[in-house]
Structure formats: structure tokens, C-alpha cells
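Just so you know, these numbers come straight off a predicted model, no measurement behind them.
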Amino acid sequence: MAPDSWVPGGVPDPLMREKHGLIGAPVSRLDGPQKVRGAARFAAEVPAERLAYAALVYAAVPKGRITALDTAEAEKAPGVVLVMTHRNAPRLKPMPVFGSGQKANGGNNLPILQDDSIHWNGQPIALVLAETQEEADHGAALIRVRYETEPALTAFEEAKGRGTEPGRFMGQPMRVEVGDAEAMLAKAPHKVDARYTTPRHSHNPIELHAATVHWDGDALRVHDATQAVSHTAWSLAQIFGIDEAQVHVTSPFVGGGFGSKTLWEHQALAAAASKMAGRPVRIVLSREGVYRIVGGRTLTEQRVAIGAQGDGGFDAIIHTGTVATTPHNGMPEPFILATRGAFAAKSFLLDVETVRLDMVANTFMRAPGEAVGTFALESAVDELAHELGIDPIELRVRNEPERDPLEGTPFSSRHIVEAYRAGAERFGWSRREAPGRRREGEWLVGLGCATATYPYYRMPGGAARITLRRDGTAHVAIAAHEMGMGTATVQTQVAAERLGLPMESVGFAYGDSTLPGVVLAGGSQQTAAIGAAVIAAHRKLVAELLKLAGNDTPLAGLTPEEVGGLDGGLAKLDEPERFESYASILSRAGQDEVSAEADGSMPLETQHWSMHSYGALFAEARVNAVTGEVRVSRVLGSYDCGRILNAKTAASQFRGGIIMGLGLALMEETQFDERTGRIMNPSLAEYHVPVHLDVPPIEVIWTDIPDPHTPMGAHGVGEIGITGVAAAVANAVFNATGKRVRDLPITLDKLL
């Protein structure tokens with residue numbers, strides 16, 4: 001079942017045999033003009049006749065039951081169409097929680113407005129439907145609620161005191177032991193052993209979570225802000241007890257997702273209210289509403305211990321700790337993932353333990369695990385380098401593994417040392433001084449570095465349909481997603497290059513659950529999933545074209561593996577003069593078009609190889625010696641992510657990830673009141689993310705060395721950008737001040 005071209009001894013994707021014109025070109029995003037003109041319709045902008053607007057009411061206690069729910073005043077309020085509570089809501093099944101099935105993408109597995117039980121502070125307990133959003137919000141404010149509280153577990157230390165349980169990520173245990181790491185650490189002549197913490201983080205995509213829904217008889221139509229159209233269609237069908245074919249989900253434009261734009265209560269509640277009212281419904285969560293019901297990244301408490309010899313060789317790596325999750329979902333932050341393949345060592349002990357708190361269900365957030373795990377690991381490596389008196393880059397290079405440290409499989413493509421060397425030269429690393437030595441007025445200045453890594457994933461379920469027309473145009477369709485990363489542009493480039501057509505002759509349809517495939521825009525795997533599906537469909541299309549061409553053609557006797565697209569037709573790969581145009585083939589066959597649909601192969605390449613994206617992050621930090629204020633003045637990211645398919649959109653992805661990493665390092669922190677289980681800073685006024693003045697010049701470079709074992713030779717670039725940034729900043733702060741900060745965010749109170 002494995003694609004022959006990606007297993008050992010196979011032949012790589014033809015698109016990477018030589019540098020092609022469109023592959024890697026800095027093509028501007030095709031959807032850019034639409035967005036600049038305001039012509040791109042997002043989920044909350046789809047028009048509908050007799051549209052009603054929804055507002056939610058949220059629970060104010062962490063656990064208990066509703067004893068009184070007075071809706072009378074709200075029901076009489078101007079413009080109110082419906083007040084829906086557990087007393088009158090349609091019977092709904094719980095969301096299929098993510099991981100419980102191939103298409104399950106619910107944030108939790110709790111009943112949705114079905115009883116009087118409260119499971120977390122912020123749970124939706126009522127929906128008000130009105131003629132305008134203002135009237136709906138006003139009606140929601142008029143609802144009066146009384147609760148009978150029950151003992152809730154909301155304090156992390158208390159939960160740890162009651163005992164932890166083994167963490168599992170994507171159904172797999174996270175504990176790994178190789179040798180006796182504790183014993184080898186104890187014997188090592190040089191060691192670091194430290195505790196690092198990261199706080200909760202909340203999702204803040206610019207586009208709020210929203211949906212416009214309506215029923216056509218028994219069929220449900222949903223315009224959603226989602227990164228999983230097929231998953232959402234299936235999951236909503238399960239909730240309402242209808243066939244998957246009765247649910248049609250579209251999502252052509254999404255204003256950021258980062259792991260949060262899957263299925264939460266609001267889509268199901270809007271659909272239920274639409275059914276009750278017999279009208280289309282629009283629901284847009286307020287910014288506070290996002291904090292109340294959409295999960296974020298959970299807190300972590302990590303121990304990293306490294307034992308080494310005098311030459312820097314690692315004897316032991318220990319990376320363990322505890323995270324919080326909830327009783328109603330299973331998403332512990334897997335902070336040990338990057339450590340699994342980062343360095344060679346004689347022994348390992350990796351483990352993530354969990355406690356369950358009564359809080360909003362945590363979920364995937366850009367580079368789940370790696371973003372916060374690399375902060376701890378790469379800070380510890382920097383600490384050890386300082387202890388040994390070895391340059392931090394040199395220490396990393398000395399511990400480069402020849403094969404995957406845990407699995408023993410060969411690396412499909414690993415050029416992190418080249419990335420480090422190029423980045424160090426470009427950044428001016430050789431000018432780095434000893435900690436606390438460089439001062440410019442009131443400002444202490446330091447340089448820091450860290451490794452970034454994120455696995456290559458390709459989930460099963462990708463499928464694509466390619467239609468080729470006699471007029472020389474083509475149409476590619478797949479249920480994929482455009483969340484701002486340039487998917488439509490890059491895939492149009494790739495399809496055009498594969499077909500041998502100009503970009504303007506290729507259309508790419510996506511964001512619709514009726515299209516082929518079950519593709520999730522997550523795990524930095526969508527590009528590979530689409531690529532594999534298009535390869536399979538193209539192979540089938542070429543076979544059909546060769547069949548139509550018959551024997552009276554220069555292509556006679558050739559197999560699909562021997563030909564490729566060129567100049568509006570097919571040509572033998574190593575004899576391009578053996579050529580016939582698509583127009584000629586279809587004209588002779590008397591057909592206006594030919595279409596092929598195929599499933600992508602199973603992602604078995606990951607069983608043959610250890611596959612990752614890599615990066616070397618460099619940061620310059622300035623710390624005010626009087627106030628303790630931290631300013632990052634320069635950042636450079638040097639990446640090794642296989643072939644870069646579009647230099648412009650890839651650079652944007654890298655920079656966006658780095659900016660998110662600066663927020664992780666310096667300011668982001670969800671303030672959770674452990675007395676009440678309530679998030680206390682649910683707005684962008686109080687939850688700080690980087691703004692323009694916080695963002696320094698960011699330079700990105702890359703190796704552009706293709707991986708012969710992946711579609712297009714490419715690895716994911718969406719999540720690698722955030723990884724390593726916090727550690728690079730923390731290490732730069734140490735180099736500037738001589739003070740080590742092990743608890744994020746790095747705020748001035750920790751440096752005064």
C-alpha cells in the first residue's frame with residue numbers, strides 16, 4: 001500500500017527532479033485581491049432571508065446544577081424570537097470528541113444543552129435568538145440564573161496531590177524509557193536539572209468563531225469558520241441523528257484557526273435554534289465567548305535534566321512533567337514530542353502525566369507540545385552549554401543523532417546543521433559575548449539560539465478529483481481548507497506544474513464537505529495530504545489520457561509513470577519530444593473533458609523514515625537594566641523544511657509563527673482563577689498578544705533541500721515557526737543579563 005516512490009529505493013516525485021518554474025516561486029496569494037476588496041465572504045457574512053441572530057449565556061460556576069432559570073423578561077424583550085435552554089432544546093447527542101473516530105472533531109463529549117448540569121465555568125446554558133445581534137445580546141443579559149454548586153477541582157496543585165494519571169496523545173502513551181536515565185544522570189560529570197513552567201494560552205484568531213446555518217427540510221446547511229469541513233459535517237450528523245449526506249458544510253475563507261476552528265457547542269446550538277425557529281441563524285462568538293467555550297493550550301510543569309561528559313556528549317535526557325486536562329476530553333499537552341528526535345543520548349526518560357480539572361476543554365494550539373516543550377528542552381541545553389563552556393550551537397552539533405534516537409529509523413531528510421551554520425553566519429553569532437557583558441546605555445543586550453522541530457504528518461483520507469478540458473483548462477477539487485496560509489495558491493501552483501499548464505488555466509476548489517476527501521487543516525499535514533491525493537488522481541488521469549490517445553500517438557506504449565505534464569500536454573519524462581497536447585488527445589477521442597478521482601495512498605512513508613521539519617532560531621534581546629523591560633530587537637529563522645513550494649507564502653508562515661512565539665515568550669498568559677475555575681482576562685485588552693511595536697525585523701532563510709520521500713519533496717511549514725522561539729528569547733535574555741528565566745512569560749518582574 002505504500003507509495004513506491006517514497007519508500008527505500010523508490011523514485012521521487014517527478015516535480016522535484018529539477019527546479020521548476022512554479023515550484024518555489026514567490027506567487028502572491030490568489031485570494032488576496034478578494035480579501036483586500038472585502039469580496040471574500042466569511043462565515044458570518046453569508047446572506048440569508050429572515051436571518052436571526054444568536055447570543056449565548058454562559059455558566060458562572062465551575063460545577064453544579066441550575067436550580068432556577070428565569071427567561072420571562074428575555075422572551076418579552078424587543079426583537080427576541082426564541083429563548084432556548086435545556087428545558088426546550090431539541091434532543092441532541094453529545095459531540096463525537098476528537099480522536100474517537102476518523103471524522104470526529106468535537107472539543108468535548110458532553111451533552112449540549114440537554115440537562116441542568118454544569119461542567120465548567122463558561123459552559124453555554126442558554127441561547128437567545130433575535131432580529132438583530134444587539135437585541136439578542138440584550139435579551140441574553142436579561143436571563144437570571146441560580147445554581148446549586150458542587151465541589152469542583154480547579155486548583156492544579158490540589159489535583160496533583162490527589163494523584164496523576166499517564167498521558168496519552170492521539171491514543172498513544174507518551175512514556176518512553178531507553179536505558180536507566182536517572183542512574184546515568186547521577187553518574188554524569190556535568191548536568192543540569194531544572195523545572196520549567198508555561199501558563200495556559202487562549203486562542204485568538206482575528207476572525208471570531210462563527211457560523212451561518214439553515215435547514216432545508218431535513219437537510220442542514222452550514223457556512224462555518226472551520227479547518228475541518230468533512231469532519232464537521234459528519235460530527236453534526238451524529239449530533240442530530242441524521243445521515244452525513246444531509247449535512248453540507250462550506251468554509252471558503254477562514255480568518256485564522258491555529259487548532260481552534262473545529263467543532264464546539266456554538267455550531268450545534270445555532271443549528272438547533274434554526275430548527276426550532278424555522279429560520280436561518282447566524283452565531284458569532286464574542287471574544288469573551290471564545291475564551292468561555294473554545295479550548296486553548298493547557299498549562300505545563302516540566303522537568304528537564306541532561307547529563308553529559310566533558311566533551312558535551314549527552315549521557316541522559318530526562319523530560320517529564322505534568323499537565324492539566326479535563327474529564328470530558330483527552331488533549332494533554334504533549335510537551336515531550338520534540339525531545340523524541342532532537343538529540344542523541346545514551347539514555348532517555350520521557351513522560352507526560354495528567355490531572356483532570358473542571359475547566360473548559362483544552363485543545364490543539366499551534367505546535368501542540370513542541371511550542372512549549374522546546375522552551376524547556378532548548379533552555380536546558382543552553383544551560384548545559386554555559387556549564388560546559390561550549391558554544392550552544394557547537395553543543396547541539398556534537399549531539400546530532402545519526403538515526404532517530406528512539407525508533408532507530410533513518411532520517412528521511414535532516415539538514416539542521418546546515419541551517420544552523422547558515423543562520424549563525426547571517427545573524428552574526430560570532431559576535432556574541434559572555435553573559436552580561438554587552439551594554440548599550442540602559443540596555444543589556446544578548447543573543448540566544450534554539451532548535452525548532454515539528455514532525456512530518458500525512459493523515460489518511462485525502463482524495464482529489466481532477467477534470468481536464470479540451471480548451472486547455474483544468475479544475476482540481478478537494479475538501480481542503482484556506483485559513484490564511486496560502487493553500488489555494490500553492491496547490492494551484494503545484495497542480496499547474498504537474499499538469500504542465502499555466503496557473504491561470506487551473507482552478508482549485510476547496511472548503512466544501514461535498515468535495516472529495518477527508519482532509520484536516522492541522523498538524524502541518526494538509527499540503528502533504530492534498531499533494532498525495534493529487535498525485536493519485538493525476539496518475540489515474542494520465543492513465544485515462546493514454547488510453548484515449550490509443551496507438552496513433554507519440555505516447556503509444558508508455559505507462560503513466562513514464563510521462564508527465566508539459567506545455568499543455570503529455571510528454572515522456574526523459575524524451576520530451578514524444579509529446580501530444582491535451583487538446584489533441586481529447587479532440588481525437590471526441591471528448592470535451594476527462595475526469596479522474598482517486599484516494600491518496602496510506603501514509604506509510606512515516607513507518608520507513610523519521611520525518612520532521614527543522615529550524616534554527618536566533619534572537620537578540622534587550623533588557624532594560626533599570627525597569628527590567630524586555631525588547632526583542634532581531635529574530636532570524638533558518639529552516640530546513642524540504643522543498644519550499646512558494647517562497648512568499650512560506651516566509652509569511654514562518655514569520656507569523658515567530659510572532660506567535662514572541663507572544664508565547666513575553667506576554668501570553670490566560671489568567672485562571674483557581675477558586676472559581678473562571679478565565680479572568682477574556683479579551684485582547686487583558687490577554688496580551690504581540691502588536692506592531694512588539695515585533696522586530698524578522699529574517700527567514702531556508703535550505704530548500706527536497707525530501708525524496710514526500711509529495712513534492714516538501715515538509716510542513718505552518719507550525720514549525722512558533723517552536724523554539726520562546727527558548728531563543730529566554731536564552732538571549734540570559735546572555736544579556738546572566739539571569740535564567742524558567743517560567744513563561746518572561747515579564748519584567750522576573751528580571752528586576
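- With hydrogens and angles ignored, the 3.5 Å screen pairs no side-chain donor or acceptor of Glu244 with any backbone N or O of Ala237.
- The backbone N or O of Gly32 lies less than 3.5 Å from no partner atom in the side chain of Arg29, so there is not a single donor-acceptor pair.
- Side-chain contact between Val689 and Glu668 is present, with at least one heavy-atom pair separated by less than 4.5 Å.
- Relative orientation of the Phe42 and Phe253 rings is tilted, given thresholds of 30° and 60° on the angle between their planes.
- Ring pair Phe156/Phe672: centre-to-centre distance not below 6.0 Å.
- Sequence neighbours left out, the pairs with a member in residues 130-142 that pass side chain to side chain donor-acceptor pair (under 3.5 Å) are Glu131-Arg279, Thr132-Glu135, Gln133-Asp137.
- Using a 4.5 Å cut-off on side-chain heavy atoms (C-beta onward), Glu482 and Phe508 make no contact.
- Rounded to the nearest 0.5 Å, atoms CG (Asn362) and CG (Leu299) are 9.0 Å apart.
- Between the Gln653 side chain and the Thr649 main chain, no donor and acceptor come within less than 3.5 Å of each other.
- For the residue pair Asn109/Ser100, the side-chain donor-acceptor check at 3.5 Å is not satisfied.
- Scanning for salt bridge (Lys or Arg N to Asp or Glu O under 4.0 Å) contacts around Arg221 gives an empty result, with sequence neighbours left out.
- Scored by the salt bridge (Lys or Arg N to Asp or Glu O under 4.0 Å) test, Lys275 finds no partners at all (sequence neighbours excluded).
- Under a 3.5 Å cut-off, the side chain of Gln238 and the backbone N or O of Ala104 do not form any donor-acceptor pair.
- In this structure, OG1 on Thr326 lies 9.0 Å from CH2 on Trp120, to the nearest 0.5 angstrom.
- Qualifying salt bridge (Lys or Arg N to Asp or Glu O under 4.0 Å) partners for Glu158, counting only residues two or more places apart in sequence or in other chains: Arg162.
- Using modelled atom types, no side-chain atom of Gln491 and backbone atom of Gly486 make a donor-acceptor pair closer than 3.5 Å.
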Could you please spell out the steps behind the side chain to side chain donor-acceptor pair (under 3.5 Å) verdict for Asn681 and Tyr291?
CA-CA 9 Å; Asn681 58 335; Tyr291 285 71; over 6 Å; no

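- Here the side chains of His248 and Val222 are not in contact, with every heavy-atom distance at 4.5 Å or above.
- Each of Thr226, Val249, Val97, Ile239 was scored for a side-chain contact (heavy atoms from CB on, under 4.5 Å) with Leu263, with one residue passing: Ile239.
- For Glu49, the CD atom counts as loosely surrounded, since its 6.0 Å shell holds 12 or fewer non-hydrogen atoms of other residues, nucleotides or ligands.
- For the pair Arg292 and Tyr58, the cation-pi criterion (under 6.0 Å, within 45° of the ring axis) is not fulfilled.
- Asp358 places no side-chain N or O within donor-acceptor distance of the main-chain N or O of Pro151, the cut-off being under 3.5 Å.
- Nearest heavy-atom pair across Gly256 and Phe258 is CA-CE1, 3.9 Å.
- Ala89 and Gln114 make their closest contact through CB-NE2, 4.4 Å (heavy atoms, listed as atom of the first residue, atom of the second, distance).
- The line from CZ of Arg366 to NE2 of His203 is 11.0 Å long, rounded to the nearest 0.5 Å.
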Margin query: Assess the residue pair Thr487 and Gln526 against the criterion (side chain to side chain donor-acceptor pair (under 3.5 Å)); give the C-alpha distance rounded to whole Å, side-chain angles, the decisive distance to 0.1 Å, and a yes or no.
Written below: CA-CA 9 Å; Thr487 297; Gln526 183 175 241; 3.2 Å; yes

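- Here side chain to side chain donor-acceptor pair (under 3.5 Å) pairs that include residues 207-218, with residues two or more places apart or in two chains, are Glu207-Lys261, His209-Ser260, Thr212-Arg282.
- With sequence neighbours left out, Ala367 forms a side chain to side chain contact (heavy atoms under 4.5 Å, CB included) with Glu370, Ala371, Tyr454, Glu719, Ile722, Thr723.
- Taking CG of Asn105 as the reference point, atom OG of Ser230 lies at 10.0 Å (rounded to 0.5 Å).
- Scanning for salt bridge (Lys or Arg N to Asp or Glu O under 4.0 Å) contacts around Arg146 gives an empty result, with sequence neighbours left out.
- Note that CG of Leu664 is 8.5 Å distant from CE of Met365, once rounded to the nearest 0.5 Å.
- Between Thr197 and Asp743, the side chains place a donor N or O and an acceptor N or O closer than 3.5 Å (distance only, hydrogens not considered).
- Val635 and Pro696 make their closest contact through CG2-CG, 4.1 Å (heavy atoms, listed as atom of the first residue, atom of the second, distance).
- Residue pairs satisfying the side chain to side chain donor-acceptor pair (under 3.5 Å) criterion with at least one member in residues 69-87, sequence neighbours excluded, are listed as follows: Thr71-Glu75.
- Inter-residue side-chain proximity for Asn88 and Leu82 is flagged as met; some heavy-atom pair is nearer than 4.5 Å.
- With hydrogens and angles left out, the side-chain atoms of Asp224 and Ser251 include no donor and acceptor closer than 3.5 Å.
- No donor-acceptor pair under 3.5 Å is formed between the side chain of Glu669 and the backbone N or O of Gln671.
- By the side chain to side chain contact (heavy atoms under 4.5 Å, CB included) test, Asn121 is found to be paired with Pro62, Thr676, Arg678, residues two or more places apart in sequence or in another chain being considered.
- Ser202 and Thr670 are linked by a side-chain donor-acceptor pair at a separation below 3.5 angstrom, with hydrogens and angles left out of the test.
- Here the OH atom belonging to Tyr510 is positioned 10.5 Å from the CD1 atom belonging to Ile530, to the nearest 0.5 angstrom.
- No donor-acceptor distance shorter than 3.5 angstrom exists from the side chain of Glu150 to the backbone of Ile118, with no hydrogens or angles considered.
- A side-chain donor-acceptor contact under 3.5 Å links Ser235 to the backbone of His231.
- Ser28 and Lys648 share a donor-acceptor pair across their side chains, judged by distance under 3.5 Å alone.
- The two residues Trp264 and Ile293 make their nearest non-hydrogen contact at CE3-O, 3.2 Å.
- Aromatic rings from Phe335 and Phe375 are positioned such that their centres are separated by 6.0 Å or more.
- The existence of a salt bridge linking Arg297 and Glu333 is confirmed by a sub-4.0 Å separation between a basic side-chain nitrogen and an acidic carboxylate oxygen.
- For Asp694, the side chain to side chain contact (heavy atoms under 4.5 Å, CB included) test picks out Arg631, Met667, Pro690, Val691, with sequence neighbours left out.
- Here the side chain of Thr489 pairs a donor or acceptor atom with the backbone of Leu30 at under 3.5 angstrom.
- A side-chain donor from one of Glu265 and Asn108 sits under 3.5 Å from a side-chain acceptor of the other.
- When every heavy atom of Glu674 is checked against every heavy atom of Thr154, the shortest pair comes out as O-OG1, 2.5 Å.
- Proximity of Thr354 to Thr322: side-chain heavy atoms (C-beta onward) are nowhere separated by under 4.5 Å.
- In this view, Ala48 and Leu51, Pro280 satisfy the side chain to side chain contact (heavy atoms under 4.5 Å, CB included) rule, not counting sequence neighbours.
- With sequence neighbours excluded, the residues forming a side-chain hydrogen bond (donor to acceptor under 3.5 Å, both in side chains) with Arg356 are Glu165, listed by chain and number.
- The heavy-atom pair separating Ala324 from Thr298 by the smallest distance is O-OG1, 2.7 Å.
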